[in-house]
Amino acid sequence: MRKVLLGAGGLLGFLTVWQLVPRLGLVDPQYLPYVTDVLAWLVQEVRDLAFWRRVRLTMTSWAVGLAVATLAAVVLGTGIGMVPFLRRATHTTVEFLRPVPSVALIPLAVLMFGLQMRAALVIIVYAAFWQVFVQVIYGIADVDTVARDTARGFGLTRAQRLRYLVLPTALPYLMTGLRLAATVALILAVTAEMVIGNPGLGRSIELSRSAGDTVGLYGLVVVTGLLGVAVNVVFRFVERRSLAWHQSVLSEEAR
């Protein structure tokens, strides 16, 4: 309850400052509208089915891209991480490709797939893939050497070692990577819609900007922020549930 009250107090303080900045003339309301106007716009928009269709399109791109990226990252990360030779052989390539900005691939994606959702998915998958892939690699590398040798000494097969040793060790890393990838995928879903022009919240933001509708622009930005908070809360809950046995969650709950 204390955390909830502190969070609510911080949010209320932020909204109050937002309202006072244009009210005191520090920023022209043309560039920073009153928070009351933005909230009134949001109340009106949530009653419009077109608004929810745009949200659905953005979240569909996000979900599909995140699912593809996670599946590919887990499969490749596990296969490479379990073989030390492959891990060493691919290290330089991974460190070269990982920092490449996903937005820089938008022209290539448009050239390949045109102004379609598939072009946006290329960007989302590329950005989210590395968040999970690197964490899986680190998780597998963190397996205790003594435990690995013990498992081999007891004659456990590779599949049994993967299930009873590697997976429990790598799961905290995987959940962290998945939570980060979910946020990154949402950012790239909106960004791709803004640049490529696919229907969704990103395109609506760009249309509001070009039309000079600052209230609608800020309202849509607030919507994307709320979606980001919701995604983080959901994946944080999943992480805590799946790692209820882990020391990091147990110590946090004990505080």
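Only a predicted model underlies this, so the values are computations on that prediction, with no experimental measurement involved. The figures here come from the full heavy-atom set of this structure, side chains too, leaving out hydrogens, waters and symmetry mates.
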Verify same cluster id: [X], [Y] (apolar side-chain graph, 4.5 Å):
X	Y	result
I140	L165	yes
V229	F235	no
L12	L5	no
L71	L171	no
L76	L180	no

What I'd like to find out is whether the side chain of [X] reaches to under 4.5 Å of the side chain of [Y], using heavy atoms alone.
X	Y	result
M175	R240	no
V184	L188	yes
L178	L66	yes
W62	V190	no
Y218	Y34	no

- Parallel, tilted or perpendicular, as decided by the 30° and 60° cut-offs, for the rings of F133 and F129: parallel

- Quick one: do R203 and E206 make a salt bridge, cutoff under 4.0 Å?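 Result for this pair is no, no salt bridge flagged.
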
- Would you check if the side chain of T78 reaches a backbone N or O of V75 as a donor-acceptor pair within less than 3.5 Å? no

- Message: Hydrogens and angles aside, do T58 and E193 bring a side-chain donor and acceptor to less than 3.5 Å of each other?
- Response: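 Result is yes, a qualifying pair exists.
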
